J.: 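Pasting a structure here, questions to come.
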There are 2 protein chains.
Amino acid sequence: MPVSDLTNSAQDYLKLIWTATEWSETPITVTVLAERMRVRPSTASDSIKKLKDQGLLIHAPYGTIELTPAGSAHAVDMVRRHRLLETFLVQVLGYGWDEVHDEAEVLEHAVSDTMIERIDQRLGRPTRDPHGDPIPSADGQPHRPGAIQLCHAEPEGEVTVVRISDADPAMLRYFSDIGLTPDAKLTIQKQRPYTDTTTITLSGQQKNIDLGPTASNAVWVT
Amino acid sequence: MPVSDLTNSAQDYLKLIWTATEWSETPITVTVLAERMRVRPSTASDSIKKLKDQGLLIHAPYGTIELTPAGSAHAVDMVRRHRLLETFLVQVLGYGWDEVHDEAEVLEHAVSDTMIERIDQRLGRPTRDPHGDPIPSADGQPHRPGAIQLCHAEPEGEVTVVRISDADPAMLRYFSDIGLTPDAKLTIQKQRPYTDTTTITLSGQQKNIDLGPTASNAVWVT
DNA sequence: CTTCAATGTTAGTCTTGCCGAACTTGGGTG
DNA sequence: CACCCAAGTTCGGCAAGACTAACATTGAAG
Ligand SMILES: [Mn+2]
Ligand SMILES: [Mn+2]
Ligand SMILES: [Mn+2]
Ligand SMILES: [Mn+2]
């Protein structure tokens, strides 16, 4: 099941489709896919058709997009590569967690299976990347924790941060500054629905922190 | 002078043209370039023309190929990337010296300037790669030792291996087996011109070893 | 000085990935 | 229930990189 016969672009599409449903239920649309791939919808639509012709996904015109088992296997392989590389860059080359995503986005297509195996070995077979995302094991099983976004969490008791989206490096630096990282514990003080603000307190601190929707959507807790 | 605006293929052409004259004087031809790029001569010829149009090399039809200062700067950058990556794979990820070339050939186009700098730092600014090839420093100066191929060396006194071509992994494994690696010392017993055999003795061993032209062309000594 | 084979170039075609423009579809809204 | 608009699709075109086939040049041998 090597990934090598697919183009970089095909690998990215599959990975994106797979990750879109990793933390939320709503299936991905052509427009969102195009935005994430930084291409026009017409391009994404074309590409979807080609992937369908290769048997990697199921898609009827104007219908939903769903990976086949073959497509899913490729996607999981790419996710594994991406997250192992991010972890490697932090642990071995001293990168910050806000610097690794773009680097990994390119490297994931370039490293061999051999190199991925050596990195995995060198890191002691990690199960989570620097943002708390689970690293699927070599046999392709993801470990999916049951987590919800901070903005949807009830203000009761202490929760643990399990995952922070790596989409915005500047936001990651802000989170570092205030001590909001995977495994941090915090208490949700208040959810203000129409102000779209979530007030939290990090355990061990007294200070209340107000988070807007961008931040409270990016943080997942249990 | 970042290399990023060039295609992978352009980067490889420039690197190949540069390295062709690193250890020998004869300028590279279109046919040889095509072979090394694993491409047809017509493709190589086309590519040369495009690089000429970009001002990266000088070339009149049917004439010689020569890099401009701009082309040379890009080439040196690629050589630096390639050799730092090979060294990194050996030192940090436990690769054998026969395994690194193909991996580096792909990675060199994918890693960022930042990653190259961190690798260089992590390795303590090495000056030679696992095959003895000099690593140009970040400012682009290559360190060129005055070495000659084993097949052209006179059979007098002890010489030191400075460089072994990494073109053939199987040959590298053979060299490992017999203990012929960069910095090894050896004595040339005899050159048999028309048999194309070079007989050597590695210092510390008594056994004579006969090397054919493939091997004695790949090893450079001082 | 001619010839010719090796070397190099040009022309035409494919594939991939992208675009913009124009068209189709289908789920609300009035 | 008809309409409309956002979402999705199709189409033609372009650039890069590869190929084959045909053509051009060079220089070495006779
Ligand atoms: Mn990432
Ligand atoms: Mn990617
Ligand atoms: Mn190499
Ligand atoms: Mn390369």
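Only heavy atoms go into these numbers, but all of them, side chains included; no hydrogens, no water, no symmetry mates. Every value quoted in this text rests on a predicted model; they were computed, and no experiment measured them. Proteins get letters first, then strands, A, B, ... in listed order; numbering begins at 1 in each.
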J.: Short of 4.0 Å, heavy atom to strand atom, which residues of residues 42-50 of chain A count as contacting DNA chain D?
T.: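 The stretch gives A/S42, A/S45, A/D46, A/K49 as the residues lying under 4.0 Å from the strand, ordered by number.
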
J.: What pairs meet the salt bridge (charged side-chain N to carboxylate O under 4.0 Å, His left out) rule with one or both residues in residues 6-18 of chain B, with sequence neighbours excluded?
T.: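 Qualifying pairs: B/D12-B/K15, B/K15-B/E105, B/K15-B/E108.
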
J.: Without decimals, in angstroms, what is the distance between A/I65 CD1 and D/dA7 P?
T.: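 That distance rounds to 14 Å.
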
J.: Decide yes or no on side chain to side chain contact (heavy atoms under 4.5 Å, CB included) for A/L67 and A/L56, but give the supporting numbers first.
T.: CA-CA 6 Å; A/L67 295 176; A/L56 297 170; 5.9 Å; no

J.: Got a salt bridge between B/R81 and B/D113, using NZ or NE/NH1/NH2 to carboxylate O under 4.0 Å?
T.: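 Yes.
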
J.: Among the candidates D/dT9, D/dT20, D/dG17, find the nucleotide nearest to the side-chain atoms of B/T7.
T.: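 Closest nucleotide to the B/T7 side chain: D/dG17.
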
J.: Using distance only, find each side-chain donor-acceptor pair of residues 31-47 of chain B under 3.5 Å and give its atom names and separation, not counting sequence neighbours.
T.:
{"from": "B/S47", "atom 1": "OG", "to": "B/Y13", "atom 2": "OH", "distance (Å)": "3.3"}
{"from": "B/S47", "atom 1": "OG", "to": "B/T43", "atom 2": "O", "distance (Å)": "2.9"}

J.: Looking only at the side chain of B/R40 (C-beta and beyond, no hydrogens), which of the listed nucleotides D/dG17, D/dG8, D/dT20 gets closest?
T.: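 Nearest nucleotide to the side chain: D/dT20.
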
J.: Could you tell me whether B/R118 sits above the aromatic face of A/Y95, with NZ or CZ closer than 6.0 angstrom to the six-membered ring centre and within 45 degrees of the axis?
T.: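 Here B/R118 passes the 6.0 Å and 45° test against A/Y95.
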
J.: Evaluate side chain to side chain contact (heavy atoms under 4.5 Å, CB included) for A/L51 paired with A/H59, printing each intermediate quantity in order.
T.: CA-CA 9 Å; A/L51 293 169; A/H59 175 63; over 6 Å; no

J.: What are the 5'-most and 3'-most nucleotides of DNA chain C lying under 4.0 Å from any heavy atom of chain A?
T.: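 First and last nucleotides in contact are C/dT16 to C/dT25.
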
J.: So that I can tick it off, tell me whether A/R163 and A/E22 are bridged by a salt bridge, with the cut-off set at under 4.0 angstrom between side-chain N and carboxylate O.
T.: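 Result for this pair is no, no salt bridge flagged.
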
J.: Taking NZ, NE, NH1 and NH2 as the nitrogens, is one of them in A/R125 or A/E117 under 4.0 Å from a carboxylate oxygen of the other?
T.: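 Yes, charged N to carboxylate O under 4.0 Å.
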
J.: What is the distance, to the nearest angstrom, from the CD atom on B/Q11 to the C1' atom on D/dG17?
T.: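 After rounding, the reported distance stands at 15 Å.
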
J.: Using the ring centroid of each side chain, check whether A/H131 and A/H101 are separated by less than 6.0 Å.
T.: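 No.
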
J.: Not counting sequence neighbours, list each pair that qualifies as a salt bridge (charged side-chain N to carboxylate O under 4.0 Å, His left out) and has a residue in residues 49-75 of chain A.
T.: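 As it turns out, there is no salt bridge (charged side-chain N to carboxylate O under 4.0 Å, His left out) pair with a partner in residues 49-75 of chain A once direct neighbours are skipped.
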
J.: How long is the line joining CD of A/E35 and P of D/dG8, in whole Å?
T.: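 Checked: the CD to P distance equals 10 Å.
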
J.: What is the separation between atom CG on B/D5 and atom C1' on D/dA16, rounded to the nearest whole Å?
T.: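 It works out to 15 Å between those atoms.
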
J.: Does the side chain of B/L107 come within less than 4.5 Å of A/L107's, by heavy atoms?
T.: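 Sidechains of B/L107 and A/L107: in contact.
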
J.: Residues of residues 52-64 of chain B with any non-hydrogen atom less than 4.0 angstrom from an atom of DNA chain C: list those, numerically ordered, please.
T.: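 Under 4.0 Å from DNA chain C: B/H59, B/P61, B/Y62.
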
